[in-house]
Enquirer: 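One structure coming up, written as structure tokens, with questions to follow.
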Amino acid sequence: MKAAPAAQKRLLDLAELDSVIDRLAHRRRTLPELAEIDEISARVARLATQVISAETEAGDLAREQSKAEADVDSVRIRAERDQKRLDSGQVSSPKDLASLQSEIVSLNRRQGDLEEVVLEIMERRESADAQVTKIAAERDGLAAARSVSEDRRDAAFAEIDKESAEVRGKRSEVVADIPADLLALYEKLRDQFGVGAAMLQGARCLGCRTSLSIAEINRIKAASHDEVIRCEECRRILVRTAESGL
């Protein structure tokens, strides 16, 4: 392949711009905010699961408390009804009176036991509600922190994308100066090696940092100025400039 020396030299400008584009893309992929957001999101997800679990426990205790309070009310109503019968004087039989009084004592004892159960459930429910509040507050705090990180990420993205767009604009100008067949070869090599062209500086390829053999240097010296040279080691396009010393 042949190409004007000026067009070949433009490959070095293109390679430099592509290097900048690659660095910007790498920077965009590896922003610290991205890892930070992922970590926070994982923690928020875990806390959200814990909130659901705590809310479920609190809900179960609320239902358990309602049932226990209903049991207390039922026993209390029965005791009040029996007490009214006793106080009314309607029961005259000593045996029936003793039985009624015994039932009232039993009901009062039962009511006291149930009220203790209610108090114990209320304490557990209060603790569960406090846990829900605590975990939810931690979750919301992390969500707010994530939002701040996302704002920083978006600002960094905007800055990188702006710079990348400017560099791509310059790249388009350089591409216009390069023949299609030379550009196609450059792009192919860039896809394979990451860098499609490198300067020949003295006897060394700056792409792979390898010193060329004397035979290869002599071959390059004998080649016409418009011949497209490839590095014998890395196969990239070798661009000859004044620094090549040939």
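Numbering starts at 1 and runs along the sequence shown. Predicted model only: the values in this text are computed from it and were never measured.
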Enquirer: Within the supplied structure, the quantity of interest is the number of heavy atoms (other residues, nucleotides, ligands) at a distance under 6.0 Å from E126 CD; does it exceed 12?
Expert: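 Open: at most 12 neighbouring heavy atoms sit under 6.0 Å from CD of E126.
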Enquirer: Atom CE of M122 and atom CG of D129: how far apart are they, to the nearest 0.5 Å?
Expert: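 Between atom CE of M122 and atom CG of D129 there are 10.5 Å.
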Enquirer: Can a salt bridge be assigned to the pair R76 and D73 using a cut-off of 4.0 Å between side-chain N and carboxylate O?
Expert: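 Answer for the salt bridge query: yes.
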Enquirer: Regarding S106 and R110, is there a side-chain donor-to-acceptor distance under 3.5 Å anywhere?
Expert: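 Side chains of S106 and R110: no pair found under 3.5 Å.
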Enquirer: So which atom in R146 and which in I37 form the shortest heavy-atom distance, rounded to 0.1 Å?
Expert: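 Smallest heavy-atom distance, with atoms named: CG-CG2, 4.2 Å.
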Enquirer: Less than 4.0 angstrom from a charged side-chain N to a carboxylate O is my criterion; do D60 and R63 meet it?
Expert: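 Here D60 pairs with R63 in a salt bridge, since their nearest N and O are under 4.0 Å apart.
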Enquirer: Does CZ belonging to R168 count more than 12 external heavy atoms closer than 6.0 Å?
Expert: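 No - once you tally the heavy atoms of other residues, nucleotides and ligands closer than 6.0 Å, there are 12 at most.
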Enquirer: Are any of the side-chain nitrogens in E64 or K67 under 4.0 Å away from the carboxylate oxygens of its partner?
Expert: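 Result for this pair is no, no salt bridge flagged.
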Enquirer: Going from OG on S172 to CG on L14, what distance comes out if it is rounded to the nearest 0.5 angstrom?
Expert: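 If we round to the nearest 0.5 Å, S172:OG and L14:CG are 10.0 Å apart.
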Enquirer: Taking only Lys NZ, Arg NE, NH1 and NH2, and the carboxylate oxygens of Asp or Glu, determine whether E36 and R152 approach each other closer than 4.0 Å.
Expert: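 Salt bridge present between E36 and R152.
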Enquirer: Considering all heavy atoms of both residues, which atom of L200 and which atom of C205 are nearest to each other, and what is their separation?
Expert: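 Between these two residues, the closest heavy atoms are CD1-N, 4.4 Å.
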Enquirer: Closer than 4.0 angstrom, basic N to acidic O: yes or no for K170 and E16?
Expert: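 Salt bridge: no.
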Enquirer: Count the heavy atoms of every other residue, nucleotide or ligand shown that sit under 6.0 Å from NZ of K162, and state whether that count exceeds 12.
Expert: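 At most 12 heavy atoms, drawn from other residues, nucleotides or ligands, come within 6.0 Å of this atom.
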Enquirer: Roughly how far, to the nearest 0.5 Å, is CG of L238 from CG of L212?
Expert: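 L212 CG to L238 CG: 6.0 Å, rounded to 0.5 Å.
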